[in-house]
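Inspection log for the structure reproduced underneath, given as C-alpha cells.
Convention: sequence-line order gives letters A, B, ...; per-chain numbering from 1. The analysis underlying the following values was restricted to heavy atoms, covering all of them including side chains, and did not include hydrogens, waters or symmetry mates.
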Amino acid sequence: MNEDFLLIILRDLLPRRPDLRLILMSATINAELFSQYFRDAPTIHIPGLTYPVEELFLEDVLEKTRYLIKSEADNFQGNSRRRMRQQDSKRDPLTDLFEDVDISSHYKGYSMTTRQSLEAWSGSQLDLGLVEASIEYICRCEGEGAILVFLAGWDEISKLLDKIKANNFLGDTRKFLVLPLHGSMPTVNQREIFDRPPANTRKIVLATNIAESSITIDDVVYVIDCGKAKETSYDALNKLACLLPSWISKASAHQRRGRAGRVQPGVCYRLYPKLIHDAMAQYQLPEILRTPLQELCLHIKSLQFGAIESFLAKALQPPDALSVHNAIELLKTIGALDDTEELTPLGRHLCTLPLDPNIGKMLLMGSIFQCLNPALTIAAALAHRDPFVLPLNRKEEADAAKRSFAGDSCSDHIALLKAFEGWKDAKRYGKERTFCWENFLSPVTLQMMEDMRNQFVDLLSDIGFVDKSRGAKAYNEYSNDLEMVCAILCAGLYPNVVQCKRRGKRTAFYTKEVGKVDIHPASVNASVHLFPLPYLVYSEKVKTSSIYIRDSTNISDYSLLMFGGNLTPSKSGDGIEMLGGYLHFSASKSVLDLIKKLRVELDKILKRKIEEPHFDVSVEGKGVVAAVVELLHSQDIRY
DNA sequence: GAGCACTGC
C-alpha cells in the first residue's frame, strides 16, 4: 500500500472515528513521518511501524572493518586474477558487470586495502570471513541490539556457525547467543529466536529468506545482507526444476534492510558493492515464468478460458511457449486432457483437488484401489512439505531414523507413511513430543498433514469417491499391502520414472529427459547399492549442484505395466514399449498377451469408476483387482 | 553427500 495514502487514511479517519481500530498487518510506515501527523495522538501500536535504517555497501563495510578479501586465485601465479575469475562457470551478469569496473578510478576516495579487497572480491562466492568480520565489528564497535544475517542456504548457515564457534571473541556463549534459522532445521527452543536475550548477551541470528517476511524478529538493530538467495527456476528444455543461488531483487534488498528498524533506528551492512545493488532487478521474475505449469493449465480448462496457449499468451508476462507445451503434454500423458486438449472425466476430478495433477491422481487411485489411508498421507506430505527435519549436528541419527521407517521398502514415500502412522500411534498415548524428537520429525508439519488428510477426505466425498457412511475399512483393504501401495504411487507419479541400471556393485539412474541423475543424499535410497526392482518413481527432480531425485520408490515392471502409461507394441521384436519407446519390456508372447489383456480389463474398470464414481470396484471389479494384486506379488527379480 | 521461502483453492 502507498505510504502517503495510508497516512491520509489514518489522519482523516482516526480523529473522526475514535472507536475505529485499524490493524495494519503488512504496511510499513516511516516512524518520523508518522509522528508528524500524530504528535498529540495517543500511542497506537502499528505492527508495520519502522525506523530509518542506515545503509552500508561492501566498500563502506571494508573501510570500517579493514577486512582484507583474499582472492581464490591468490594461490596461483600471475597478476590477472580478475580475468581468471571471468572464466569461472558460475559467473552471472551482475558479477561480470563488476569485474569490468576499473577499481582504482571508481573507488579513488577509498583506502588502499579496500581497493585491494574490491579487486579480489568475487560475486560468485560468499566470503564467510567477511561475514564473520562484519559481525565482530558490530559487536565490538556498535551499540546494543540483535544482529540478523541473511544467507543463501543451509550450507552457509552451518559453516558460519562453525566459524563463529571457533572465533576467540564471538565464540563466548555467555556474551553471544548464535541461532540458526532455516525452514527445515529443527528449532530446539523456538522462543529463543523471538525473546530478548539476557542482559549483556547479544543475539545473532543466521537466517535464510525465512526471516525476510515469514518470521519477524522484533529486536533486530543490525542486518547483514549477503545479497543472495536460492531461487527456483524452470528449465523448459530439460523439463527440469532448478534451485540455484542468485542475486536478490532491489525489492528483497529493501525488505531485508527493513528488518532492522522495528524498535529503533538500525544499520544494514550489505556485503556487495553499491554498483551491484544498483544493477539488481527491481523485482524477482514472476512466478509464472519460474514454475511448471500443469496445475495452472488444468484450471484454465476447468474455468473454460478457451485454448490454454492463447489464454496464457494474454498474461502480463506470458510464460515460454515450450513451458506451456510441456504442461499440456504432461496433462495428456496422465490422462487429464484428451488429444483435443479438452478435460477428460479424470481431468475434471483433478480440478476439484487442490493438488498437483500427479498427486491428485495418486489420491484418486488410492481411493479406487482401497489404499486410501496411505494415499492421503503421502499426498498430504508431497503437497505440503517433508515432515522430516534436518538437524545440524545429528545427521547420521536423522538419516538412520528415516531409514528405519522405510525398512527394506526402498521408498521415501513408505518412510513418510510409516512416520505419520508412528506419530498417530504416539499421539494416542500422549507421547507425541518424544516421538517427534527421537525421530527427527516436525510436529507442526505432521499436524498440518493430518488436517490436510481430513480436507482431502471431504473433497473425495464431495465428488463421490468416498462414502463416509461406509466407514474407513471399505477403502483400506490393501492399505497394508506395500506392493499395492507402491503400484498406486506408480499410477500417480508416472511419467516420473527412473531406470535403475546395474554398474558392477552399484546402480546408475537414468531418466528420459535428462539422462543420468543422482539420488538425493537425504533419500533413503541414497545408501542402497542394488535395488530389488528395476525402476523408481519420484515426485521431484531438482537441479542444484547436480540433478537429484529427491524422493523415490522402487517399483516393479508389473507396477508400470498395470499402472504406468499406455502400452504400445515395440517397433523391433515383439515386446511392449512405454514412455515413447524409452521403456521396453520383453517376455514370452503368451505372458505379454496375458499382461495386455489384464491391463485392458483394468483400464475398463478404471474408466467406468472415473465416469461413475459411485460404481463399486470391490464388487464388480473384484476378480480383475485380485488378479492385478496377485501379479504385483509375483514380481520376478531377474533384473 | 545435501536441504530458499510462501500462497491459494
Side-chain angles (χ1 to χ4, degrees), chain A residues 26 126 149-159 180-186 206-216 225-233 241-249 251-252 255-256 259 284-288 290-291 295-296 298-300 302-303 349-357 359-360 363 379 383-396 398-400 402-403 412 440 442 444-445 448 451-452 455-456 458-459 462-463 506 517-529 540-551:
Chain A
S26 59
L126 179 66
V149 187
F150 282 102
L151 299 160
W154 202 97
D155 194 44
E156 289 175 359
I157 293 177
S158 168
K159 282 182 179 153
L181 181 60
H182 182 288
S184 46
M185 276 178 194
L206 314 183
T208 61
N209 255 357
I210 196 167
E212 195 172 297
S213 54
S214 313
I215 286 176
T216 298
D225 172 22
C226 75
K228 295 269 182 95
K230 289 197 182 165
E231 199 178 65
T232 51
S233 53
C242 305
L243 181 62
L244 300 168
S246 63
W247 290 107
I248 58 173
S249 64
S252 270
Q255 173 70 7
R256 287 182 175 191
R259 301 318 255 175
Q284 192 186 29
L285 206 61
E287 193 178 340
I288 200 173
R290 295 188 291 115
T291 51
E295 204 181 342
L296 178 63
L298 196 66
H299 284 102
I300 290 170
S302 84
L303 293 166
H349 292 312
L350 293 179
C351 290
T352 66
L353 299 170
L355 291 167
D356 177 87
I359 301 172
L363 191 52
H384 183 233
R385 58 145 80 215
D386 192 341
F388 286 99
V389 291
L390 309 160
L392 270 167
N393 312 315
R394 303 165 69 199
K395 291 184 214 183
E396 285 77 16
D399 284 353
K402 193 171 176 182
R403 276 199 301 273
D412 293 301
F440 303 91
S442 155
V444 177
T445 305
M448 176 63 90
D451 298 344
M452 290 173 78
Q455 187 199 345
F456 296 156
D458 290 345
L459 290 165
D462 290 347
I463 56 175
R506 292 191 157 267
V517 294
D518 293 317
I519 303 298
H520 194 279
S523 163
V524 298
N525 286 333
S527 52
V528 177
H529 294 315
E540 221 185 354
K541 178 175 73 206
V542 182
K543 181 182 167 184
T544 52
S545 54
S546 168
I547 301 176
Y548 287 113
I549 302 295
R550 283 245 173 104
D551 54 327

Whole Å only: how far is the [atom1] atom of [X] from the [atom2] atom of [N]?
X        : N     : atom1 : atom2 : result
A/Leu459 : B/dG8 : CG    : C1'   : 13 Å
A/Leu355 : B/dT7 : CG    : C1'   : 14 Å
A/Arg403 : B/dA2 : CZ    : C1'   : 14 Å
A/Leu303 : B/dC9 : CG    : P     : 14 Å
A/Arg290 : B/dC4 : CZ    : C1'   : 10 Å
A/Glu540 : B/dA5 : CD    : P     : 13 Å
A/Asp518 : B/dG3 : CG    : C1'   : 15 Å
A/Asp225 : B/dC4 : CG    : P     : 17 Å

Subject >> A/Thr208 or A/Tyr548, whichever maps to the more 5' nucleotide of DNA chain B >> reply: A/Tyr548
**OP:** Please tell me which of A/Glu396 and A/Pro354 maps to the more 5' nucleotide of DNA chain B, matching each residue to the nucleotide holding its nearest heavy atom.
**Re:**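 Mapping each residue to its closest nucleotide by heavy atoms, the 5'-most match is A/Glu396.
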**OP:** Look at the side chain of A/Asp399 against the base of B/dG1 and say whether a donor-acceptor pair falls under 3.5 Å; ignore hydrogens and angles.
**Re:** yes
Subject >> N-O pairing of A/Asp399 and A/Lys395 below 4.0 Å >> reply: no
Subject >> A/Leu392 and A/Trp154, any side-chain heavy atoms less than 4.5 Å apart >> reply: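 Side-chain contact under 4.5 Å: yes.
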Just call it for [X]: base, sugar-phosphate, or nothing, with non-hydrogen atoms closer than 4.0 Å on any strand.
X        : value
A/Ser545 : sugar-phosphate
A/Leu243 : base
A/Arg385 : sugar-phosphate
A/Glu295 : base
A/Thr352 : nothing

Short side-chain N/O contact from [X] to OP1 or OP2 of [N], under 4.0 Å:
X        : N     : answer
A/Thr232 : B/dA5 : no
A/His299 : B/dG8 : no
A/Ser214 : B/dC6 : yes
A/His520 : B/dG1 : no

**OP:** For A/Asn209 and A/Arg256, work out which heavy atoms get closest and say how close.
**Re:**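 So the minimum-distance heavy-atom pair works out to OD1-NH2, 2.9 Å.
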Original post:
Which atom pair, heavy atoms only, marks the closest approach of A/Thr216 to A/Arg259?
Top reply: OG1-NH2, 2.7 Å
Subject >> CZ on A/Arg550 to CD1 on A/Ile519, rounded to 0.5 Å >> reply: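 Going from CD1 on A/Ile519 over to CZ on A/Arg550, the span is 13.0 Å.
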